[in-house]
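Every heavy atom of this structure was used, including side-chain atoms; hydrogens, water molecules and symmetry mates were not.
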Amino acid sequence: MTLSTYLREGERVGLRPFRLADGPEFTARVHESRELHRPWLAPPATIEEYEPYAARLTEGEGRAGFLVCERETGAIAGFVNVNNIVRGAFQCGALGYGAFAHAAGRGLFREALGLVLTHAFAPEADHGLGLHRLEANVQPGNTASLALVRGAGFRLEGLSPDFLYVDGAWRDHERWAITAEMQVPEGAHRTG
C-alpha cells in the first residue's frame with residue numbers, strides 16, 4: 001500500500017474507503033472473526049452481502065465507511081463506519097465498527113478511532129466530514145468496545161433499552177458521544 005491510498009494515516013494503520021474489490025478479503029476476515037463478533041455485530045459474510053453494504057458506504061451523503069488497514073502489510077484489520085449522518089444544525093453521525101480477530105487486542109483500533117475522529121471533525125474544506133458530534137451505541141457487556149470509546153474521550157449519555165436488533169434479539173445499548181471540542185489530539189488517548 002502506498003501512503004497516497006489512505007485518507008488518514010497513523011503510525012500503524014491507515015483509513016481508506018471501501019472498494020468492491022475488497023470483498024474476498026473482508027468476508028474471509030468476517031468468517032475468521034465470528035466468535036469475536038458474536039453477539040455484538042454481524043458484518044456481511046458473503047460477497048452477495050458485502051457488495052451492497054460497500055456500495056451504501058461509498059455512495060450518497062448519509063454514510064461514510066472506512067477500512068482500517070495495517071500500514072506495514074495493507075491487510076484489512078477492521079472497519080469503522082459513520083452512519084446516519086445528519087446535517088443542518090445537528091452535524092452528527094453514529095459510529096459502527098469492528099476489529100477482525102487477527103488485529104484484536106493490538107491497539108490498532110485505538111489508533112484507527114483517533115484517525116476517524118480527526119477525519120469526521122475536520123472541515124469539509126480540508127476533506128473531512130465537517131461533523132460536530134459522533135455517537136457510539138455499545139452493548140453494556142461489550143467491555144472491549146466500552147474501553148475503546150472511553151479511551152477516546154467519549155462521554156456516557158445514557159442507556160437505550162431494546163435499542164438495536166442484533167444476533168436475533170433486541171439489545172440494550174449504552175449511548176456514548178463526543179463532540180469536536182472534546183476530541184483528544186491525534187496520537188493521544190485518555191485513561192480511566
Side-chain angles (χ1 to χ4, degrees), residues 1-23 26 41 43-44 50-71 74 76-99 103 107-138 145 148-158 160 163-164 173-190:
M1 233 353 81
T2 63
L3 296 178
S4 62
T5 60
Y6 296 118
L7 297 169
R8 302 277 176 193
E9 58 188 291
E11 186 178 316
R12 298 187 300 151
V13 298
L15 301 178
R16 67 173 176 76
F18 280 76
R19 301 179 305 214
L20 290 180
D22 295 314
F26 186 95
L41 71 152
Y50 174 82
E51 288 179 354
Y53 173 80
R56 281 192 306 272
L57 292 166
T58 57
E59 300 168 0
E61 300 197 11
R63 293 183 172 103
F66 309 100
L67 290 174
V68 177
C69 298
E70 295 185 61
R71 286 191 53 208
I76 299 172
F79 57 93
V80 181
N81 303 326
V82 182
N83 300 299
N84 306 325
I85 295 173
V86 178
R87 296 295 182 178
F90 200 27
Q91 296 297 331
C92 181
L95 289 180
Y97 50 85
L108 300 176
F109 260 70
R110 180 173 294 238
E111 183 179 329
L113 186 55
L115 295 172
V116 169
L117 294 177
T118 297
H119 186 72
F121 294 139
E124 292 179 72
D126 293 333
H127 307 290
L129 297 178
L131 298 177
H132 175 256
R133 175 185 172 90
L134 285 173
E135 299 176 354
N137 295 292
V138 182
S145 188
L148 181 68
V149 295
R150 190 178 295 114
F154 284 65
R155 69 176 167 236
L156 178 62
E157 294 189 335
S160 297
F163 184 67
L164 288 173
H173 282 69
E174 291 183 5
R175 291 186 323 275
W176 291 78
I178 190 170
T179 62
E181 294 82 9
M182 296 167 57
Q183 183 186 3
V184 176
E186 210 171 306
H189 67 277
R190 296 189 183 173

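Considering only residues two or more places apart in sequence or on other chains, E157 meets the salt bridge (Lys or Arg N to Asp or Glu O under 4.0 Å) condition with R133, R155. Here R175 pairs with nothing under the salt bridge (Lys or Arg N to Asp or Glu O under 4.0 Å) rule; sequence neighbours left out. The salt bridge (Lys or Arg N to Asp or Glu O under 4.0 Å) check on E11 picks up nothing, with sequence neighbours excluded.
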Might you work through the side-chain contact (heavy atoms from CB on, under 4.5 Å) test for F154 and V138, ending with a clear yes or no? CA-CA 12 Å; F154 284 65; V138 182; over 6 Å; no

Begin from the C-alpha positions of L108 and R12 and carry the test side-chain contact (heavy atoms from CB on, under 4.5 Å) through to its verdict. CA-CA 7 Å; L108 300 176; R12 298 187 300 151; 3.5 Å; yes

Please assess R16 against D22 for the test side-chain contact (heavy atoms from CB on, under 4.5 Å), listing each intermediate value before the final yes or no. CA-CA 11 Å; R16 67 173 176 76; D22 295 314; 2.8 Å; yes

Steps toward side-chain contact (heavy atoms from CB on, under 4.5 Å) verdict (L95, V82): CA-CA 5 Å; L95 289 180; V82 182; 3.9 Å; yes

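Between I85 and Q91, the closest side-chain pair of non-hydrogen atoms is not below 4.5 Å. Between L15 and L67, the closest side-chain pair of non-hydrogen atoms is not below 4.5 Å. Between F109 and V13, every side-chain heavy-atom pair lies at or beyond the 4.5 Å cut-off.
Across N84 and R63, no two heavy atoms sit closer than the pair N-CG, 4.4 Å.
The only member of Y50, F66, Y97, F26 that meets ring-ring contact (aromatic ring centres under 6.0 Å, His included) when paired with F79 is F26.
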